[in-house]
Amino acid sequence: MSQNDQKRFDLSIDDASPYYNNNIPSLQIKIRFLFAKRDYSKANSRAPAMALSRLSSRSNTFLKPAITALHSPIRRHVSTDTSPITIETAVPFTSHLCESPSRSVETSSEEILAFFRDMARMRRMEIAADSLYKAKLIRGFCHLYDGQEALAVGMEAAITKKDAIITSYRDHCTFIGRGGKLVDAFSELMGRKTGCSHGKGGSMHFYKKDASFYGGHGIVGAQIPLGCGLAFAQKYNKDEAVTFTMYGDGAANQGQLFEALNIAALWDLPAILVCENNHYGMGTATWRSAKSPAYFKRGDYVPGLKVDGMDALAVKQACKFAKEHALKNGPIILEMDTYRYHGHSMSDPGSTYRTRDEISGVRQVRDPIERVRKLLLSHDIATEKELKDMEKEIRKEVDDAVAQAKESPVPDSSELFTNMYVKDCGVESFGADRKDLKVTLP
């Protein structure tokens with residue numbers, strides 16, 4: 001091929017940015033293309049190696065002549081491909097009395113994108129709840145889940161709505177993971193009639209029976225025996241389903257855990273006990289509260305698995321493994337190594353017993369949303385701009401849900417006496433000043 005038969009295009013990405021939608025701003029990279037005039041169509045289909053492989057794999061329109069391309073914006077779509085992708089977990093599983101599941105997790109572009117969307121929605125919801133609490137629109141206790149979102153989405157990816165979940169007071173994102181609506185969550189947080197518990201439960205008592213989500217419990221560890229009871233009902237009814245009972249590292253030292261586990265093991269119940277180890281029980285570090293912080297081994301005679309709880313795919317793989325085990329062999333413990341960014345509750349600044357550098361260090365290295373973002377970019381499923389646009393849509397979705405929840409009415413005063421076991425006991429309800437009689441029990 002002679003030099004006269006060749007045509008050289010020098011294209012700077014800065015020059016190309018108007019038609020590349022600013023997806024790769026400020027990169028000072030020159031991409032050179034050599035195309036033969038007489039064999040241009042072949043050159044177009046046989047794209048030369050480029051500095052950014054993502055560009056060549058995403059769009060052939062980028063390989064059109066520069067004059068054409070500059071007048072024709074590149075259009076691409078977020079991948080929703082369901083074909084399998086195999087990704088290895090960053091951290092190996094550690095097992096006790098059982099085999100470890102494979103680190104190679106089968107997923108898809110569609111699932112990874114759903115992980116990002118769902119976790120971003122959960123994160124934004126919790127940030128909005130923080131603001132509503134500070135504005136005194138949310139009262140009482142409020143425990144936020146930001147940082148731990150991978151647990152909620154990874155678990156849902158491995159189970160069905162027939163499988164039950166019961167958890168502690170840090171329950172907002174578990175409710176959303178079970179299919180709950182944002183407006184129902186915010187309505188409940190603000191004590192409104194349209195909330196998921198009709199405004200009577202508040203932050204700690206979310207509930208969604210049609211999705212087998214049984215709360216939201218305010219007493220530390222109280223949900224553990226209840227979860228084993230749900231597993232007993234599933235076995236009794238031959239449901240071929242399991243119950244995930246979630247508790248924190250602070251509750252892991254309680255006697256009721258071991259009593260419930262003993263019965264579950266005796267009767268081979270399909271109970272999966274999930275210790276959400278965020279390393280601080282309220283403000284107490286695990287090394288100060290537990291002589292043996294290997295919570296996945298606490299079952300002694302019950303198998304256990306330690307999981308990177310900041311990796312949604314690792315959580316999915318562990319929950320899938322645990323479900324198969326529980327249906328065949330009985331209970332198993334999963335210790336999810338995770339981290340919360342907020343304090344224990346909104347009354348806890350979260351910085352008196354740990355440093356801000358520790359929190360920011362976890363954000364930079366282990367943040368579950370950023371991990372998934374990197375997967376999406378490295379596997380060319382979406383661009384940075386598309387993910388940012390998705391986050392903007394989620395922000396609007398959350399803002400709209402907050403506005404709608406604010407318009408919801410508060411429950412009628414008579415609701416104070418519904419769902420009570422004892423009737424006709426002469427109970428009266430007064431206002432804050434004890435002068436204004438609000439309602440009398442009928």
Side-chain angles (χ1 to χ4, degrees), residues 121-148 152 166-176 178 180-208 213-223 248 250 278 280-283 340-352 397-420 427-441:
R121 183 182 292 112
M122 291 172 182
R123 179 73 56 87
R124 189 65 201 169
M125 175 186 71
E126 296 295 61
I127 291 171
D130 175 288
S131 299
L132 290 169
Y133 192 93
K134 290 172 179 175
K136 297 184 178 180
L137 290 171
I138 297 175
R139 300 286 187 148
F141 294 103
C142 185
H143 307 82
L144 303 182
Y145 206 71
D146 49 324
Q148 301 183 204
I166 188 168
T167 188
S168 65
Y169 37 76
R170 207 178 301 277
D171 59 353
H172 309 162
C173 292
T174 311
F175 170 77
I176 295 298
R178 293 264 84 182
K181 296 179 181 178
L182 285 171
V183 65
D184 294 345
F186 285 119
S187 296
E188 191 59 41
L189 285 169
M190 291 188 278
R192 306 305 172 98
K193 193 174 182 178
T194 56
C196 58
S197 296
H198 307 298
K200 300 174 70 174
S203 169
M204 298 192 292
H205 301 287
F206 280 31
Y207 191 79
K208 189 172 174 56
F213 177 53
Y214 295 97
H217 293 263
I219 305 301
V220 176
Q223 72 278 10
N278 59 30
Y280 295 96
M282 297 187 71
R340 56 170 164 79
Y341 296 147
H342 267 82
H344 170 72
S345 68
M346 285 299 298
S347 60
D348 169 24
S351 57
T352 56
E397 181 185 353
V398 170
D399 290 345
D400 290 346
V402 170
Q404 188 177 344
K406 286 179 179 179
E407 297 299 318
S408 177
V410 298
D412 188 83
S413 297
S414 62
E415 285 295 316
L416 284 167
F417 304 117
T418 58
N419 308 119
M420 292 178 64
V427 177
E428 294 178 329
S429 173
F430 292 84
D433 57 3
R434 297 288 297 169
K435 294 179 181 179
D436 183 19
L437 180 64
K438 295 292 185 182
V439 65
T440 303
L441 182 69

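For reference, positions follow the sequence shown, starting with 1. Values reported hereafter were calculated over all heavy atoms of this structure, with side chains retained and with hydrogens, waters and symmetry mates removed.
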Worksheet entry | Other residues, nucleotides, ligands: >12 heavy atoms within 6.0 Å of Gln404 CD | no
Worksheet item: Is there a side-chain contact between His198 and Pro411 (heavy atoms, below 4.5 Å)?
Response: no
Worksheet item: Are any of the side-chain heavy atoms of Met282 and Asp348 separated by less than 4.5 Å?
Response: no
Practice prompt. Flag the pair Thr167 / Gln223 as yes when at least one side-chain heavy-atom distance between them is below 4.5 Å, and no otherwise.
Written response: no
Worksheet item: Looking only at heavy atoms, which two atoms of Ser347 and Ser345 are closest? And how far apart?
Response: OG-OG, 2.9 Å
Item to complete: Evaluate side chain to side chain contact (heavy atoms under 4.5 Å, CB included) for Arg139 paired with Lys136, printing each intermediate quantity in order.
Response: CA-CA 6 Å; Arg139 300 286 187 148; Lys136 297 184 178 180; 3.9 Å; yes
Item to complete: Classify the ring geometry between Tyr169 and His344 as parallel (under 30°), tilted (30 to 60°) or perpendicular (over 60°).
Response: perpendicular
Worksheet item: For atom NZ of Lys193, is the number of surrounding heavy atoms from other residues, nucleotides or ligands below 6.0 Å larger than 12?
Response: no
Item to complete: Measure the CZ-OH distance between Arg178 and Tyr207 for me, rounded to the nearest 0.5 Å.
Response: 13.0 Å
Discussion item. Within the structure provided, determine whether Leu189 and His172 are in side-chain contact (heavy-atom separation under 4.5 Å).
Written reply: yes
Fill in: Glu407 side, atom CD; Ser187 side, atom OG - distance, nearest 0.5 Å
10.5 Å
Discussion item. Has Lys200 got a side-chain atom pairing as donor or acceptor with Glu415's backbone, closer than 3.5 angstrom?
Written reply: yes
Discussion item. Please report the interatomic distance CZ(Phe175) to CZ(Phe213), rounded to the nearest 0.5 Å.
Written reply: 8.0 Å
Worksheet item: So, His143 and Ser203: side-chain donor and acceptor under 3.5 Å apart, yes or no?
Response: no
Worksheet item: Are Leu132 and Val402 side-chain neighbours, meaning at least one heavy-atom pair lies under 4.5 Å?
Response: yes
Fill in: Exercise: identify the closest heavy-atom pair between Asp184 and Thr194
OD1-O, 3.5 Å
Worksheet item: Hey, mind stepping through Val398 and Phe186 against side chain to side chain contact (heavy atoms under 4.5 Å, CB included) and telling me if it holds?
Response: CA-CA 9 Å; Val398 170; Phe186 285 119; 3.8 Å; yes
Discussion item. Nearest 0.5 angstrom please: Met122 CE to Ile127 CD1, how far?
Written reply: 14.0 Å
Worksheet entry | Check: Arg340 side chain, Tyr145 main-chain N or O, donor-acceptor pair, under 3.5 Å | no
Practice prompt. Please answer whether the main-chain N or O of Phe141 pairs with a side-chain N or O of Tyr133 as donor and acceptor at a distance below 3.5 Å.
Written response: no
Worksheet entry | Short side-chain to backbone donor-acceptor contact, Glu188 and Gly201, under 3.5 Å | yes
Worksheet item: Which pair of heavy atoms, one from Leu182 and one from Ala401, lies closest together, and at what distance?
Response: CB-CB, 3.7 Å
Fill in: For the student: nearest non-hydrogen atoms of Met190 and Ala405, plus distance
CE-CB, 3.5 Å
Worksheet item: Ignoring hydrogens and geometry, is there a side-chain-to-backbone donor-acceptor pair from Asp146 to Tyr341 under 3.5 Å?
Response: no
Worksheet item: Nearest heavy-atom pair of Asp171 and Gly216: which atoms, and what distance?
Response: OD2-CA, 3.1 Å
Worksheet item: Is the backbone N or O of Ser408 less than 3.5 Å from a side-chain atom of Arg192, with the two atoms forming a donor-acceptor pair by type?
Response: yes
Response to the item:
Taking every heavy atom of Ile176 against every heavy atom of Met125, the minimum-distance pair comes out as CG1-SD, 3.6 Å
Discussion item. For His205, is the NE2 atom crowded, meaning more than 12 foreign heavy atoms sit under 6.0 Å from it?
Written reply: yes
Practice prompt. Nearest 0.5 Å please: distance from the NZ atom of Lys406 over to the CG atom of Leu137.
Written response: 5.5 Å
Worksheet item: To the nearest 0.5 Å, how far apart are CD in Gln148 and CZ in Arg170?
Response: 6.0 Å
